[in-house]
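Data first, discussion second: the structure below is written as structure tokens.
Proteins get letters first, then strands, A, B, ... in listed order; numbering begins at 1 in each.
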Amino acid sequence: MENLLRKGVTEAIRSLYNVSVNDDLLQIQKTRKEFTGDLTLVAFPLTRISHKSPELTAKDIGEFLTQHVEAVSGFNVIKGFLNVIISSGEWAKQLKIISEQKEYGSVSTGPDASVIVIEYSSPNTNKPLHLGHIRNNLLGYSLSRICSTAGNKIIRTNIVNDRGIHICKSMVAWQLYANGATPASTGMKGDHFVGDYYVLFEKNYREQSEALVDAGSTPEEARDNAPLMLAARQMLLKWEAGDEETVKLWNMMNSWVYEGFDVTYKALGVEFDKIYYESDTYKTGKELVLRSLAEGQLIRKDDGSVWIDLSDDKLDQKLLLRSDGTAVYITQDLGTAVIRYNDYHFDRHIYVVGNEQNYHFQVLALTLLRMGYKWAAGLLHFSYGMVELPEGRMKSREGKVVDADDLIDEMTATARTMSQELGKLGGYSDTEKENICRKIGLGALKYFILKVDPKKNMTFNPAESIDFNGNTGPFIQYTYARIRSVLKKAGETGISFGGENYDDLIPNPKEINVIKLLNDFPSLVKEAASELSPALIANYLYDLAREFNQFYHDFSILGEENKKVRDFRLRLSALMGTVLEKGLWLLGIEAPERM
RNA sequence: GGUUCCGUAGCUCAGUUGGAUAGAGCAACAGCCUUCUAAGCUGUGGGUCGCGCGUUCGAGUCGCGCCGGAAUCACCA
């Protein structure tokens, strides 16, 4: 509809002023509610062409449109704004057109589509997932669906940080304190089991450091010389040297963690096409660094450590290999990036990683470019904000976190309580009820997280549970369930729809509002993909559902006696259902048939 | 201190490439179920868009400077 108007205005200007107008001078937007009209042309930029006042320019164009464009039934001019009125019947035709499109809102993936690798999740194998990881996983997964729906070829990937000093900490603590206990022997989920030893390590390490300080050490010396830290360092050296017993322990503990992660990923509903392990990629990283050192792009210091000097790019020198030859975090990321490029020849590589690592990703891309990898220009750090608690940020070292598994369980439990209180889901089996409550609880959680602008920090208050009313996931799910219910009833009573033509049908204002919003869906998906913002989808769905609920409240669908109108409303409802379901899908949220 | 990000109603958040009188939800209060699901709908109150200057016909949006908060600048990841 907007394009139609754009064309009309271009023609108007050519005819009136004998100029072909540059498209970005045509500012067309939706008419604000307080004014009459559907679409508004801002006339100020056009005064340069018309050499008339904005009001007169708007009036000229308005008159031309009314005469020459069939869909335009009238106009008004307020200040420099030309409010164009689209004849109501056009919207009915528009509904028919879009509801007959296959895969409305999707762009099919052609042979020359961009290849985008999206990395998200990226857990450490020393502790279970918490709320921060949930935000990461939900953003990454939703982005993958949005970008793929916008026509890109997507590879969802994960890098498992399965090696390094932090893993050794859990291993050391287990050796010292576990007496051979396992997840099986304690009945614990594997990731939680291992995480407890990590927390135990940190606790005892802190005590040891404090004792050393009391005995006269400086805090730095104490941190370096505490027996637990020495043991962890020793463990890391043995691991990198391939010590059999160490590797065996490492394998065993990681396998416990993976079993736990699988459960959490499944509960969250996220998936990956390809998983990389740091323990596989860090060696490539070391080779890259050594080769680049030989080629003279890097510096080796007297103690043997290897650095890159990025001071020309206003950054510091950055360590790439320790003096003892072991790899640091960025070493493996260099290796991983090169391996991935060889695997997929991506056009873009999106890293979904928190904003605390902004510096890291600046260094990563620059280092790869210095090493001669031109494609590193396609690396993009999707930097999202932290999830904070009312008392500040979460601290996994101290065990002060909102655990992912706990939170998912709590959300489902809340959904269950509400469902009971509201007397819903009568006639369903316990399994069916549980399934629906899980969808709703997760819907509330996912929407809560995805509706906020990714780059902003967000606060989560565990004391106030996430809402199920208002601007929430369940609100949108509920709207969907209502529609399903109507359509089901239509089927049961033998009412079919979609057979009428709406050429002479004049929709009411509520219906027109709904159609206008539905009409925006494809451009919204594109925008969400280019802006990389699930929040745009979330907020759009809310507006959409709210608008539909008003219509639903004010008018009867199945009770409508005029067959043509009833057909039209069913069609409107069906399209609404499709768009809501697809929109929720883009966010990784399931749409229940009933709730 | 350097760099990056954020600051909109009591709280949580929207606010299109700069456009008209800045919007939702929650919380509070008042209404609406004999009718397709009330997890819904309607209404009331609530604002120095952190502060200032500039660019512009027009600034919550762009630029500069302050103020406040966060992250980072590790031989941690």
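The ring of Phe551(A) has its center closer than 6.0 angstrom to the ring center of Phe548(A). Checked against the 6.0 Å centroid criterion, the rings of Tyr277(A) and Trp250(A) do not qualify as a close aromatic pair.
Pairs passing the side-chain hydrogen bond (donor to acceptor under 3.5 Å, both in side chains) check and including a residue from residues 466-480 of chain A, sequence neighbours excluded, read Tyr447(A)-Asn471(A), Tyr478(A)-Arg482(A), Thr479(A)-Asn549(A), Tyr480(A)-Glu593(A). For residues 300-319 of chain A, the set of pairs meeting the ring-ring contact (aromatic ring centres under 6.0 Å, His included) definition, not counting sequence neighbours, is empty. Residue pairs satisfying the salt bridge (Lys or Arg N to Asp or Glu O under 4.0 Å) criterion with at least one member in residues 440-456 of chain A, sequence neighbours excluded, are listed as follows: Asp453(A)-Lys455(A).
No side-chain donor-acceptor contact under 3.5 Å links His166(A) and Asn161(A).
Not counting sequence neighbours, the partners of Asn435(A) by the side-chain hydrogen bond (donor to acceptor under 3.5 Å, both in side chains) test are Arg438(A). A search for side-chain hydrogen bond (donor to acceptor under 3.5 Å, both in side chains) contacts involving Lys169(A) returns Glu202(A), not counting sequence neighbours. Applying the ring-ring contact (aromatic ring centres under 6.0 Å, His included) rule to Tyr384(A) yields no partners; only residues at least two apart in sequence or on another chain are considered. For Asp313(A), the side-chain hydrogen bond (donor to acceptor under 3.5 Å, both in side chains) criterion is met by Arg370(A), not counting sequence neighbours.
Pairs of Watson-Crick or G-U wobble type, with distances under 3.5 Å, assemble into runs of 3 or more in RNA chain B at these ranges: B:1-7 with B:67-73, B:10-13 with B:23-26, B:28-32 with B:40-44, B:50-54 with B:62-66.
Close to rU37(B), at under 4.0 Å from its OP1 or OP2, lies a side-chain N or O of Ser485(A). For the OP1/OP2 pair of rA77(B) and a distance below 4.0 Å, the side-chain nitrogens and oxygens of Arg322(A) include at least one atom meeting the criterion.
Side chain of His166(A), nearest nucleotide from rU72(B), rA77(B), rC36(B): rA77(B).
Counting non-hydrogen atoms of other residues, nucleotides and ligands closer than 6.0 Å to CD of Glu220(A) gives a total above 12.
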### Query
How does protein contact run along nucleotides 38-47 of chain B, one letter per nucleotide 5' to 3', with B for base contact, S for sugar-phosphate only, - for none, heavy atoms under 4.0 Å?
SBBSS-----
### Contact pattern, 5' to 3', of nucleotides 1-7 of chain B - B, S or - by protein heavy atom under 4.0 Å
---SSSS
Report, one pair per line, the protein and nucleotides 18-20 of chain B atoms (nitrogen or oxygen only) whose separation is under 3.5 Å.
{"unit_1": "rG19(B)", "atom_1": "N7", "unit_2": "Gln27(A)", "atom_2": "OE1", "d": "3.0"}
{"unit_1": "rA20(B)", "atom_1": "OP2", "unit_2": "Arg32(A)", "atom_2": "NH1", "d": "2.2"}
{"unit_1": "rA20(B)", "atom_1": "N6", "unit_2": "Thr40(A)", "atom_2": "OG1", "d": "3.0"}
{"unit_1": "rA20(B)", "atom_1": "N6", "unit_2": "Asn83(A)", "atom_2": "OD1", "d": "3.0"}
{"unit_1": "rA20(B)", "atom_1": "N1", "unit_2": "Asn83(A)", "atom_2": "OD1", "d": "3.3"}
{"unit_1": "rA20(B)", "atom_1": "N1", "unit_2": "Asn83(A)", "atom_2": "ND2", "d": "3.4"}

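Of the residues near RNA chain B, Arg163(A) and Met458(A), the one whose nearest nucleotide (by heavy atom distance) lies more toward the 5' end is Met458(A). Each of Asn539(A) and Gly164(A) lies near RNA chain B, and the nucleotide nearest Asn539(A) is the one positioned closer to the 5' end.
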Would you mind writing out the side-chain donor-acceptor pairs for residues 35-49 of chain A within the sub-3.5 Å range, not counting sequence neighbours?
{"unit_1": "Asp38(A)", "atom_1": "OD1", "unit_2": "Lys516(A)", "atom_2": "NZ", "d": "2.7"}
{"unit_1": "Asp38(A)", "atom_1": "OD2", "unit_2": "Ile86(A)", "atom_2": "N", "d": "2.7"}
{"unit_1": "Thr40(A)", "atom_1": "OG1", "unit_2": "Thr31(A)", "atom_2": "OG1", "d": "2.6"}
{"unit_1": "Thr40(A)", "atom_1": "OG1", "unit_2": "Asn83(A)", "atom_2": "OD1", "d": "2.7"}
{"unit_1": "Thr47(A)", "atom_1": "OG1", "unit_2": "Phe44(A)", "atom_2": "O", "d": "2.7"}

